[in-house]
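Please read the structure below before turning to the comments.
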Amino acid sequence: AAVMPALSAMKNTTAGRVARRVEEDNIRAQYVADAKSYELTAMRTAWFEANTKRQMERLHRLEQHEQKEELVQANKELVLIRRARLKEFLEAEARSFEQQLNDMGLAFAKQRY
């Protein structure tokens, strides 16, 4: 019981008040440092999330562009194939028609370039 009055007496002295004030200032400074740390973490997190979103949008645009280019190339290839097949068909038809004319003893004039 003798210890308690000594502690309460020390709290009321100038040294006790200074020590308590220093401790309170240290606690406040720690709170401020923690708040700044949390704010910095929040800013970094927001930046990371925004950056991730931009990267995903960019990848999506690139994929769409690649798919569009693939379709363009596939359509060009299809046109070339169709033209080649049509040319083969028309040449075969012309040969057949020429053979029919030859069988009847007729011919048609071909233009030579």
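Starting from 1, each residue takes its place in the sequence as its number. Since the model is a prediction, treat every value here as computed from it, not as a measurement.
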- Message: Going by side chain to side chain donor-acceptor pair (under 3.5 Å), name the pairs with one or both residues in residues 75-103, residues two or more places apart or in two chains.
- Response: Glu98-Lys110, Gln99-Asp103
- From Arg21 atom CZ to Arg17 atom CZ, the distance as rounded to the nearest 0.5 Å: 12.5 Å
- Note on the structure: Across all chains, not counting sequence neighbours, the side-chain hydrogen bond (donor to acceptor under 3.5 Å, both in side chains) partners of Asn26 are none
- Message: How long is the straight-line distance from CD of Glu63 back to CD of Glu70, given to the nearest 0.5 Å?
- Response: 10.5 Å
- Message: Is any side-chain heavy atom of Gln30 closer than 4.5 Å to one of Ile27?
- Response: no
- Item | Single-linkage hydrophobic cluster Val72~Val79, side-chain heavy atoms < 4.5 angstrom | no
- For Ala33, does its backbone N or O pair with a side-chain atom of Ser37 as donor and acceptor, under 3.5 Å? no
- Message: Side chains of Gln67 and Leu71, heavy atoms from C-beta outward: is any pair under 4.5 Å?
- Response: no
- Could I get the full list of side-chain hydrogen bond (donor to acceptor under 3.5 Å, both in side chains) partners for His65, not counting sequence neighbours? none
- Query: At what distance, to the nearest 0.5 angstrom, does CZ of Arg61 lie from CD of Gln64?
  - Reply: 9.0 Å
- Message: Does atom CD (Glu23) have a neighbourhood of more than 12 heavy atoms from anything else shown, all under 6.0 Å?
- Response: no
